[in-house]
Amino acid sequence: MDKPVTVPATLRVTARIISPLRLFALLLVVLFVAEAIIMFMLPLLFPVPGSPLANFADSLLLITLSAPFIWILIVQPLRNAVKTEAAWAAALLEHVVDGVVIFDGNGIVASLNPAAEQIFGYSAREVAGQRLSCLLSEPDDRIAVFTSPIGASAPTPEGHRISHDINGRRKDGAIFPMDFSVSRVYLGGEAAFIGIVRDTTERKQIEAAMIEKQYQLAELNLSLEERVAATVKELREKDRILIQQSRLAAMGELINNIAHQWRQPLNTLGMLIQRLPLFYEMGGFNKEFLDSSAAKAMKLVQQLSRTIDDFGGFFKPDREKGNFSVNQAVSRAIDLVKESLTDQKISLDINLRGDPHINGFKNEYSQVILVMLLNARDILTERKIDNPVIRVSSLSENNGSVVVIADNGGGIRGDILDKIFDPYFTTKGPDMGMGIGLFMAKSIIEKSMNGRITVRNTHDGAEFRIEV
């Protein structure tokens, strides 16, 4: 630290209050001298009886007698006012939140307030008489110019105040950022300076943290966009695979049901073929028998071909929406599983009322009905229900269509009722299903056709309601 320098008297006055007693004594001396001069001059200007010494004595007596009145009427109120102002000034300097540094134009520090003492780690006594540079990390040209004699007397764009960020130095040598505002005042014709110090360490840390967070947020946004794009791509691929799996599973059902449809005609066709050599050996083979057998065989072949035509385009997706009959779509799905249900001894109770039409995808709608029928069939078969029945009904309602598919299979457990439309959720086991049929059915009805599909338990089974 630099060697202390004597603080100018003008600046020292700012750090203490003038004593009222000194003021009173000064006032008495002035009055005494003034009255003494008057009393000595009066005999010269206006001769009166009496000696000058007597007049001086009278003057002294008059001053002595008037002193208490001067004290009470003038000095005491002035003293109280000065004490009040002093208390206000001391309270402001002591309790102000920001640090206050008082120094002169030569950069000599006069005092610090308590906040400045806490900021810099010095006491006011330690820095009094020291140069301002002991509180700064390095010389600041702007402050030097502002506080120089030329700068103090010359006007500046900022008027009588400058403010900017600089680095301060604590007593322990630590460097810290601060906001330093310097104001110029004049005491006795001399420029003095009041510096307001605000430690901005915390603010700088917050700003740095905010910049870092903004950088991290920008990186996160970029990373998030990439992850979202990757996730969307992955989900689309999963949806594609899911749809493909659903179609493959449904195609398996299609082949199985076509096999049911073909089994009886193929048996009949085989018997016709076996009859030909038998009748030839027995001598009953003639043109009439050949024509009859050929006609029956062709009828069976046409029946097999018609089955392929009926179900060949069943799983071909519709490219555009169109108006179609709900009852026809339902009947098409029923025809596909009718033979399978007959083999399982499952009865069908069909009640298709009216002729509701909707706008949508006909093939996809038939696939939804097929999923519901197959799901009911599997439950009835798995639980070995006596007299199993699947009830299918349709009707027009609220300018739309409603199809209800119910069974008497005992219903769905309450703890899984709200999960049956989730992808890959199944209670059949891995060898019986993949849990994607009901999920795909819900997606087709609600996403592709803006409809609704719900399920509830009735007194003897489950009931699916499809509204479009």
Side-chain angles (χ1 to χ4, degrees), residues 228-254 257 311 313-334 336-337 356-379 390 392 394 397-398 400-407 412-413 416-430 432-457 462-468:
V228 167
T231 302
V232 169
K233 183 179 180 180
E234 182 180 354
L235 289 176
R236 286 177 177 172
E237 180 64 19
K238 287 183 177 179
D239 287 344
R240 187 190 67 78
I241 295 174
L242 193 63
I243 294 172
Q244 184 67 17
Q245 289 175 338
S246 176
R247 293 190 184 282
L248 290 175
M251 287 179 66
E253 290 290 341
L254 174 65
N257 284 279
F311 303 125
F314 187 84
F315 291 99
K316 183 178 181 181
D318 295 317
R319 294 186 177 181
E320 295 181 359
K321 286 185 177 181
N323 291 319
F324 64 90
S325 169
V326 171
N327 291 345
Q328 288 181 4
V330 172
S331 298
R332 189 181 183 194
I334 291 174
L336 184 61
V337 297
H357 281 68
I358 59 175
N359 184 268
F361 302 100
K362 181 179 180 180
N363 281 352
E364 278 80 352
Y365 191 87
S366 294
Q367 290 174 31
V368 171
I369 303 300
L370 176 63
V371 167
M372 299 300 167
L373 293 172
L374 294 177
N375 189 70
R377 181 202 65 184
D378 293 341
I379 290 297
I390 297 177
V392 182
S394 68
E397 185 178 278
N398 298 327
S401 70
V402 177
V403 174
V404 178
I405 300 176
D407 61 62
I412 304 169
R413 295 202 322 263
I416 64 171
L417 189 61
D418 59 345
K419 300 178 182 178
I420 62 170
F421 291 110
D422 293 346
Y424 299 107
F425 180 81
T426 179
T427 59
K428 301 177 183 178
M432 293 292 292
M434 295 179 292
I436 57 177
L438 291 178
F439 169 72
M440 292 302 301
K442 188 177 182 69
S443 297
I444 291 171
I445 295 299
E446 297 188 354
K447 294 183 179 180
S448 299
M449 302 183 67
N450 299 320
R452 188 168 69 130
I453 182 168
T454 58
V455 62
R456 70 184 183 95
N457 285 323
E463 178 184 279
F464 289 85
R465 181 180 176 93
I466 304 168
E467 302 174 53
V468 178

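For the numbers below, each heavy atom of this structure counts, side chains included, while hydrogens, waters and symmetry mates do not. Residue numbers run from 1 in the order of the sequence given.
- Taking all atoms of both residues into account, the shortest heavy-atom contact from M449 to N359 is CE-O, 4.4 Å.
- One finds the CD1 atom of I420 at 7.5 Å from the CG atom of N375 (value rounded to the nearest 0.5 Å).
- Under 4.0 Å is where a charged nitrogen must lie from a carboxylate oxygen, and between R465 and E467 at least one such pair does.
- Between I390 and R377 the shortest heavy-atom distance is CD1-N, 3.9 Å.
- Each of I358, V326, I453, V368 was evaluated against V468; a single residue qualifies, I358, per the side chain to side chain contact (heavy atoms under 4.5 Å, CB included) test.
- Heavy-atom minimum distance, S448 versus F361: O-CE1, 3.7 Å.
- For the pair I466/T454, no side-chain contact is recorded, criterion being any heavy-atom separation below 4.5 Å from C-beta on.
- Side-chain contact between L370 and V337 is present, with at least one heavy-atom pair separated by less than 4.5 Å.
- Contact detail for M372 and A441: the closest heavy-atom pair is CE-CB, 4.0 Å.
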Quick one, V371 with L438, criterion side-chain contact (heavy atoms from CB on, under 4.5 Å). Give me CA distance, side-chain angles, the key distance, then yes/no. CA-CA 7 Å; V371 167; L438 291 178; 4.1 Å; yes
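- In this structure, CD on E463 lies 10.5 Å from CD1 on I405, to the nearest 0.5 angstrom.
- Atoms CD1 and CZ, from I412 and F464 in turn, are 4.5 Å apart once rounded to the nearest 0.5 Å.
- The heavy-atom pair separating Y365 from S401 by the smallest distance is OH-OG, 4.2 Å.
- Between Q328 and K362, the closest side-chain pair of non-hydrogen atoms falls below 4.5 Å.
- Closest non-hydrogen pair, S366 versus R332, comes out as OG-CD, 4.2 Å.
- Checking side-chain atoms of D407 against main-chain N and O of A376 turns up no donor-acceptor pair under 3.5 Å.
- Under a 3.5 Å cut-off, the side chain of S394 and the backbone N or O of N327 do not form any donor-acceptor pair.
- Within a 6.0 Å radius of CG in N398, other residues, nucleotides and ligands contribute 12 heavy atoms or fewer.
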